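Right, one structure below, let's go through it.
It should be emphasised that the depicted structure is a prediction, and the values quoted were computed from it without experimental measurement. For ligands, and for the atoms within them, numbers begin at 1 and follow the listed sequence.
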Amino acid sequence: YRGKRGTSSVVIYEPGAAEAPTGHGLLMRELAAALDRDELVLHYQPQVDLVTGRAVGLEALVRWQHPTRGLLPPVEFLPTLEQSHLIDPFTAWVLGRALADRARWAELGRDLFVAVNVSPRNLTTTGLVGTVAALLERTGTPADRLTVEVTESAFGTETEQAGDVLRALDDLGVRVSLDDFGTGYTSLRQLRSLPFAEVKIDRAFVAGVASPDPDADRAVVASVVGLAHGLGCVVVAEGVEDDAAAAWLRAAGCDVAQGYHYARPGPWRDVLGLHTNSTHSTHRTDSTESQVV
Ligand code: C2E
Ligand code: MG
Ligand code: MG
Ligand code: MG
């Protein structure tokens with residue numbers, strides 16, 4: 001085995017393990033195989049309307065069912081994927097899986113939207129737009145039932161290209177969400193001129209709103225709510241872990257909440273309490289603290 005020169009992944013050779021690929025090189029090869037072998041799985045976490053208390057959508061969160069290491073969270077492998085040529089096929093797989101899953105739960109009477117995270121690299125070419133359009137058509141999904149979540153780091157470089165991609169998605173009727181807001185570098189000009197349907201306030205600010213020393217986080221969250229609403233965006237709070245935070249966010253005018261307080265991410269049948277092999281299912285994810293879906 002020889003690492004290819006000119007790829008963005010780093011291949012590390014351990015002395016004494018002459019031909020064995022390690023580190024990123026091994027991870028890359030495993031990831032390529034994982035995509036082929038369908039080892040990646042999507043878990044879903046509900047997004048809950050703070051006024052009605054009902055789920056309005058589910059966010060898809062990828063995990064890797066690794067043959068020896070167990071179920072791996074994205075932090076273990078996403079950075080490697082994002083540095084590789086696999087990021088576009090990976091995102092296409094996530095979109096295809098998520099839209100197919102959504103079609104199933106819609107058939108079962110739960111017409112919720114699905115939110116899919118895309119990586120900054122996916123916005124550096126226009127390929128994503130064609131992929132989304134084709135998958136919406138193939139799965140018979142109304143465009144407004146898909147939310148595409150982008151993080152602020154998408155606008156560090158390549159800002160113009162990213163803007164074109166987001167506008168094309170918006171033209172298709174897809175909802176575009178600005179994820180982890182407050183942790184990156186989105187300028188007010190970008191927030192104003194890019195077609196965001198939604199702003200997700202990062203959990204770094206959300207966690208503190210019902211803490212013993214809540215003033216600073218409350219000030220940040222309240223002003224983001226005002227700003228986002230002024231721009232016509234829906235406001236989502238991520239990382240809501242307790243009822244006190246949910247109550248404060250509701251009073252502050254936040255529209256939608258997501259977090260362990262409502263449900264941890266899990267397979268969609270568990271999260272929605274839908275099991276096709278039983279008409280009266282009692283199964284729920286063990287960590288679901290309140291029935292919202
Ligand atoms: P994100 O999009 O901001 O997703 C929210 C993360 O917070 C998820 O972590 C979720 O499990 C976690 N979370 C939810 N509620 C709570 C809570 O109440 N408390 C705390 N402490 N955490 C909570 P996860 O699943 O490990 O995903 C991490 C990040 O990986 C995501 O952050 C997203 O940026 C990225 N990611 C996940 N799936 C995908 C994917 O399919 N494609 C891409 N490009 N990125 C993905
Ligand atoms: Mg997200
Ligand atoms: Mg987020
Ligand atoms: Mg986050």
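- Close contacts of ligand 1 with Gly239, meaning ligand atoms under 4.0 Å from a residue heavy atom, involve 16 (C), 17 (C), 18 (O).
- At a 3.5 angstrom cut-off on N or O pairs, Asp179 counts as close to ligand 1.
- Nearest approach of Trp268 to Arg104, heavy atoms of both residues: CZ2-CB, 3.7 Å.
- Between Arg63, Gln45, His43, it is Arg63 that holds the heavy atom closest to atom 25 (O) of ligand 1.
- For the Mg ion (ligand 2), the nearest N, O or S atom contributed by Glu59 is named OE2.
- Annotation for ligand 1: atoms under 4.0 Å from non-hydrogen atoms of Phe90 are 41 (O), 42 (N).
- Heavy atoms of Arg203 found under 4.0 angstrom from ligand 1 belong exclusively to the side chain.
- Considering all non-hydrogen atoms of both residues, Ala228 and Val235 come closest at CB-CG2, 3.5 Å.
- The pair Arg102-Asp111 meets the salt-bridge criterion, with a side-chain N (NZ, NE, NH1 or NH2) lying under 4.0 Å from an Asp/Glu carboxylate O.
- Centred on the Mg ion (ligand 3), the OD1 atom of Asp180 and the OE1 atom of Glu238 lie at an angle of 100°, reported to 10°.
- Distances from the Mg ion (ligand 2) to the N/O/S atoms of Glu149 are shortest for OE1.
- Under a 3.5 Å cut-off, the side chain of Asp180 and the backbone N or O of Thr183 do not form any donor-acceptor pair.
- Of all atoms in ligand 1, listed by their number and element, those nearer than 4.0 Å to a heavy atom of Glu238 are 3 (O).
- A donor-acceptor contact under 3.5 angstrom links the side chains of Gln47 and Gln258, judged on distance only.
- In summary, the atoms of ligand 1 found under 4.0 Å from a heavy atom of Val94, numbered by their order in the structure, are 41 (O).
- Under the 4.5 Å side-chain heavy-atom criterion for grouping Ile, Leu, Val, Met, Phe, Trp and Tyr, Val176 is connected to Val199 within one hydrophobic cluster.
- Across every non-hydrogen atom of Gly253 and His229, the tightest pair is O-CE1, 3.0 Å.
- Atoms of ligand 1 lying under 4.0 Å from any heavy atom of Glu241, numbered from 1 in the order shown and given with element: 17 (C), 18 (O), 19 (N), 20 (C), 21 (N).
- Of all the atoms in ligand 1, the ones that sit under 4.0 Å from a non-hydrogen atom of Val240 are 18 (O).
- Near Leu78, meaning under 4.0 Å from one of its heavy atoms, ligand 1 places the atoms 30 (O), 35 (C), 36 (N), 43 (C), 45 (N), 46 (C).
- Contact analysis puts Glu59 in contact with ligand 1, with a non-hydrogen atom separation below 4.0 angstrom.
- In summary, the side chains of Asn122 and Thr91 do present a donor paired with an acceptor at a separation below 3.5 Å, with no hydrogens or angles considered.
- With respect to the salt-bridge test (charged N to carboxylate O, under 4.0 angstrom), the residues Asp101 and Arg97 qualify.
- Each of the following atoms of ligand 1 lies closer than 4.0 Å to a heavy atom of Ser119: 44 (N).
- The closest approach between any non-hydrogen atom of Val75 and ligand 1 is not below 4.0 Å.
- Judged purely by distance below 3.5 Å, without hydrogens or angles, the side chains of Asn117 and Glu59 pair a donor atom with an acceptor atom.
- Counting backbone and side-chain atoms alike, Thr151 contributes no N/O/S atom closer than 2.8 Å to the Mg ion (ligand 2).
- Considering only non-hydrogen atoms, atom 29 (C) of ligand 1 lies nearest to Pro74 out of Gly259, Pro74, Ser177, Ala245.
- What you find for Leu166 and Pro195 is that their closest heavy atoms are O-CG, 3.6 Å.
- Nearest-heavy-atom check against atom 33 (C) of ligand 1 across Val62, Asn122, Asn117, Val118 picks out Asn117.
- Ion pair Arg167/Asp164 flagged as a salt bridge, since at least one NZ, NE, NH1 or NH2 atom sits closer than 4.0 Å to an Asp/Glu carboxylate oxygen.
- A pairwise comparison of heavy atoms in Thr139 and Thr141 identifies OG1-OG1, 2.7 Å as the closest pair.
- Comparing Asp180, Leu81, Thr91, Leu61 by heavy-atom distance to atom 3 (O) of ligand 1, the nearest is Asp180.
- Within Asp179, the N, O or S atom at minimum distance from the Mg ion (ligand 2) carries the name OD2.
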